[in-house]
Amino acid sequence: MPPVSVTVKAMPETPLHPALTAMDLGSLRRTAQGKVRDIYALSPDPDSDLLFIATDRISAFDHVLGSGIPDKGRILTQLSIFWFDHLRDLVPNHLVTADTREYPADLQPFRAQLEGRSMRVRRATMFPVECVVRGYISGSGWKDYQATGAICGIPLPPGLRESDQLPEPIFTPAAKINTGGHDENISFDTVVEHIGPNYAEDLRALTLAIYAKASTHAASRGLILADTKFEFGLIDGQVTLADEVLTPDSSRYWPTETYSPGGAQASFDKQFVRDYLESIHWNKQAPAPSLPDDVVQQTRAKYLEAFTLITGRTSLDT
Ligand code: Q0Z
């Protein structure tokens with residue numbers, strides 16, 4: 001019997017690397033760490049650009065899980081870059097470059113880690129407000145509506161069901177709560193007290209305009225953009241869109257095809273993770289569990305599906 005030779009072609013959806021859940025950038029100073037993203041200063045100069053990195057970490061039920069999702073950081077970074085470009089005539093953004101060759105010389109040894117998952121961004125003076133916009137009623141908005149008939153002080157018509165479309169999109173700002181706690185929904189008047197009426201009106205108008213443009217694009221790709229959250233800052237005195245934008249981590253996307261108001265909608269990206277965590281009856285206290293490989297792979301496929309639907313691209317590399 002002659003030996004059988006089999007050539008396995010690398011499929012585009014096959015990850016080439018394991019999940020990257022912790023960065024090692026040598027002596028570079030990390031200035032902030034979130035559940036899934038890290039921010040580094042590009043130099044000790046207090047005005048230096050920042051390096052914004054999306055790791056492959058994934059959170060669920062407010063915990064970072066023991067397993068990462070291969071390519072998740074690259075997928076979310078490429079989505080943010082797509083949206084920054086799609087929105088460029090509407091709002092300036094903090095992106096300088098995602099081309100790692102344009103990063104400082106001391107970062108070149110780390111290019112393999114950084115490629116695709118990082119952005120060199122301008123440093124902004126951030127507004128202490130999470131700029132949330134909702135076109136549909138879900139999550140904390142649904143909770144607040146059930147308790148008070150309003151969200152962030154905006155009265156809503158009676159009789160809305162969970163996941164219903166709102167009469168029109170609404171700006172529902174939130175105040176950041178440090179470490180662990182959920183953001184607290186606040187009224188527009190509270191935003192005015194924090195940052196003044198002019199900036200408050202700028203943030204509301206920009207948030208609603210970005211939502212209108214992004215939800216139109218999403219709808220053309222079979223997705224409902226139920227809600228999303230932006231962070232803005234000042235760069236050279238200009239109100240500028242920062243952070244990540246319109247990723248599945250900062251937004252609720254629902255497939256139009258399966259949309260069914262009157263209850264919660266499945267999470268586009270994390271439903272396999274949530275279902276698994278419920279199936280093992282995890283008590284939602286640390287330490288968070290790791291995920292079986294089939295759950296990791298199914299979840300990775302959902303992030304890739306979101307990327308392909310939204311960008312029209314089938315590969316992260318082109
Ligand atoms: C964003 C955050 C974290 C990820 C600071 N361009 C900028 N200039 C100044 N500050 C920021 C940005 Cl994007 C900034 N965040 C939120 C924290 C990981 C995002 F730990 N914090």
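Values reported hereafter were calculated over all heavy atoms of this structure, with side chains retained and with hydrogens, waters and symmetry mates removed. In each ligand, atom 1 is the first atom listed, and ligand 1 is the first ligand listed.
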For [atom], what is the closest protein heavy atom, and at what distance to 0.1 Å?
| atom | result |
| --- | --- |
| atom 10 (N) of ligand 1 | Met126 CG, 3.4 Å |
| atom 16 (C) of ligand 1 | Asp243 OD2, 3.3 Å |
| atom 9 (C) of ligand 1 | Ala124 O, 3.1 Å |
| atom 6 (N) of ligand 1 | Arg122 O, 2.8 Å |

*Would you call Asp62 and Lys284 a salt bridge, taking side-chain N to carboxylate O under 4.0 Å as the test?*
no

*Should Arg120 and Asp49 count as an ion pair when the cut-off is N to O under 4.0 Å?*
yes

*Indicate whether any N or O donor in one side chain lies under 3.5 Å from an N or O acceptor in the other, for Glu244 and Thr247.*
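Yes, because at least one side-chain N or O of Glu244 sits under 3.5 Å from a partner of the opposite role on Thr247.
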
*asked:* Under 3.5 Å, is there a donor on one side chain and an acceptor on the other for Thr77 and Ser80?
replied: no

Give the numbers and elements of all ligand 1 atoms closer than 4.0 Å to a heavy atom of [X].
| X | answer |
| --- | --- |
| Ala32 | 3 (C), 20 (F) |
| Arg123 | 8 (N) |
| Gly34 | 3 (C), 18 (C), 20 (F) |

Using a 4.0 Å heavy-atom threshold (strictly under), name the region of [X] that reaches ligand 1: side chain, backbone, both or neither.
| X | value |
| --- | --- |
| Arg37 | both |
| Ile39 | side chain |
| Leu50 | side chain |
| Glu244 | neither |

*So does Gln33 have more than 12 non-hydrogen atoms from other groups sitting under 6.0 Å from CD?*
yes

*When Leu95 is tested against each of Thr240, Ile81, Leu241 for side-chain contact (heavy atoms from CB on, under 4.5 Å), which residue passes?*
Ile81

*Do the numbers put Arg37 on top of the ring of Phe52, so that NZ or CZ is under 6.0 Å from the six-membered ring centre and no more than 45° off the axis?*
no

*Under a 4.5 Å cut-off applied to non-hydrogen side-chain atoms, are Asn185 and Ser140 in contact?*
yes

